[in-house]
S.K.: 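The structure under discussion is supplied below as structure tokens; questions concerning it will follow.
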Amino acid sequence: MSPAVTAAQEQAVAASDTEDARIWVRILANYREPSHARSVFELFVTLIPFLAIWALALWSLSFSYFLAAALSVFNGLFLVRLFVIQHDCGHGSFFSNRLLNDWIGRALGVVTVTPYDVWRRTHAVHHASAGNLDKRGMGDVMTLTVTEYQGLSRFGQLKYRLYRNPFVLFVLGPSYLFFLENRLPLGLMGAGWRYWVSAMGTNVVLTAVLVGLAYFGGLAAIFLVFVPTVVVAASIGVWLFYVQHQFEETCWDPDPDWQLHDAALHGSSHYILPGILRWFSANIGAHHVHHLQSRVPFYRLSEILRDHPKLDQAQRLTIRESISCVKLQLWDDQSRRLISFSEAKTV
């Protein structure tokens, strides 16, 4: 077979995939309408237990630091779910009313220590550029190509290896992101007053919450109740975000070849989790569906998978397979897959 025929076939397949993704976008638009009652229900069955467990942990400080810390660690799961609800508010999918979405999102942003308006803007950039090699750098996990990595100095390669180290990515990095980086509108410093108000307003209310915790429970309330919950939720959240896009068969393309909907379908995973973990993560594992149609509320994602078996079977990633994704650090343009540092030596 001649190279010309092969190239033509590749273009035909790419065009077919892109058209398939666009068709899915139109189909999934039928699931965009949220239920106000269901949204209120999902908010309350998450927020009330979260606050109750925090109250129980604070009460436990009077007789058992270990129990207080254990409750706080468990509460990190509810905080993950609250973050996904905030996430849906940012997409305008949780309620039909935009103003209600925004103010619920801002209130939850204090609990998740994430300035809502700043996050919403950076996350919108992520959706508009996921998988685009020429638009990396905001709202994503830094990913270099093999060629870029090989072109770095030894010190540059060391820095990238440290950044991609699992301990940095999933332990140190999430705490840095939520406790420190989120205190300023980084990436949007000159984008207008709205983002400064969002960051500083969140900081002021958060400071008031911490002062109240310290007043009633002392420093133990902060370091054994507040901090463990946020640390656990941050690490789980970053892990989920990582496996949603950092898997072997993901999709990266330079801007001229990049297609929004194709990248959404093929560059996002379908993370297969047990039922209880799907509940705590609010179905965010169906990330390929979410990127195809971000206005679908999280509680309708499972409905889509039931109605459309083809999407249910697409981009499936088990927990065991997701663990192996940690060793994938570089995008190889030739094989069109993520590979490890050791594999890159043979490229």
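Quick caveat: nothing in here was measured; it's all calculated off a predicted structure. Computed over heavy atoms, backbone and side chain alike; hydrogens, waters and symmetry mates excluded.
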S.K.: Would H245 and F241 count as a close aromatic pair, with their ring centres under 6.0 Å?
M.R.: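 Between F241 and H245, which both carry aromatic rings, the centre distance is below 6.0 Å.
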S.K.: Can you check whether H266 and H261 have ring centres sitting under 6.0 Å from each other?
M.R.: no
S.K.: Quick check: is L77 connected to V73 through a chain of hydrophobic side chains (ILVMFWY, heavy atoms under 4.5 Å apart)?
M.R.: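 V73 and L77: one cluster.
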S.K.: List, by chain and then residue number, the residues other than L328 in its hydrophobic cluster (Ile/Leu/Val/Met/Phe/Trp/Tyr, side-chain heavy atoms under 4.5 Å); write none if there are no others.
M.R.: L133, W252, W331, L338
S.K.: If the condition is side-chain hydrogen bond (donor to acceptor under 3.5 Å, both in side chains), which residues does S39 pass it with, not counting sequence neighbours?
M.R.: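 Only Y299 meet the side-chain hydrogen bond (donor to acceptor under 3.5 Å, both in side chains) criterion with S39.
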S.K.: Not counting sequence neighbours, which residues clear side chain to side chain contact (heavy atoms under 4.5 Å, CB included) with L186? List them please.
M.R.: E181, L184, M189
S.K.: Decide yes or no for R32 and S93: does some side-chain heavy atom of the first lie under 4.5 Å from some side-chain heavy atom of the second?
M.R.: no
S.K.: Is L99 isolated, or which residues cluster with it under the ILVMFWY side-chain rule of less than 4.5 Å, directly or via members?
M.R.: W103
S.K.: Hey, what do you get for OH (Y65) to CG (L224), rounding to the nearest 0.5 Å?
M.R.: 7.0 Å
S.K.: Any Lys/Arg nitrogen of D20 or K310 sitting under 4.0 Å from an Asp/Glu carboxylate oxygen of the other?
M.R.: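 Yes, D20 and K310 are salt-bridged.
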S.K.: On the 0 to 90° scale, with breaks at 30° and 60°, tag the W54-F226 ring pair as parallel, tilted or perpendicular.
M.R.: tilted
S.K.: Going by side-chain heavy atoms closer than 4.5 Å, which hydrophobic residues are tied to L188, directly or by a chain of links?
M.R.: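 Its cluster partners, ordered by chain and number, are V118, V125, M138, Y195.
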S.K.: Contact between H126 and K135 at the side-chain level, heavy atoms closer than 4.5 Å - yes or no?
M.R.: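 With C-beta onward as the side chain, the pair stays apart.
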S.K.: Take the angle between the ring planes of H290 and H87 and call it parallel below 30°, perpendicular above 60°, tilted in between.
M.R.: tilted
S.K.: So that I can tick it off, tell me whether R136 and E148 are bridged by a salt bridge, with the cut-off set at under 4.0 angstrom between side-chain N and carboxylate O.
M.R.: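 Between R136 and E148 there is a salt bridge, with a charged N closer than 4.0 Å to a carboxylate O.
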S.K.: List for me each residue that meets ring-ring contact (aromatic ring centres under 6.0 Å, His included) alongside F170, sequence neighbours excluded, and say none if there are none.
M.R.: W239, Y242
S.K.: Could you tell me whether R336 atom CZ has more than 12 heavy atoms of other residues or ligands within 6.0 Å of it?
M.R.: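 Yes, because the 6.0 Å sphere around CZ of R336 holds more than 12 heavy atoms from other groups.
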S.K.: Any idea how W59 and F63 line up, ring-wise: parallel (<30°), tilted (30 to 60°), or perpendicular (>60°)?
M.R.: perpendicular
S.K.: For the residue pair F341 and Y149, categorise the inter-ring angle as parallel (less than 30°), tilted (30 to 60°) or perpendicular (more than 60°).
M.R.: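 It falls in the tilted class, 30° to 60°.
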S.K.: Check for me whether the distance between the ring centres of H36 and F95 falls short of 6.0 Å.
M.R.: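 Ring centres of F95 and H36 closer than 6.0 Å.
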S.K.: Tell me whether the rings of H288 and H270 are parallel (<30°), tilted (30 to 60°) or perpendicular (>60°).
M.R.: parallel
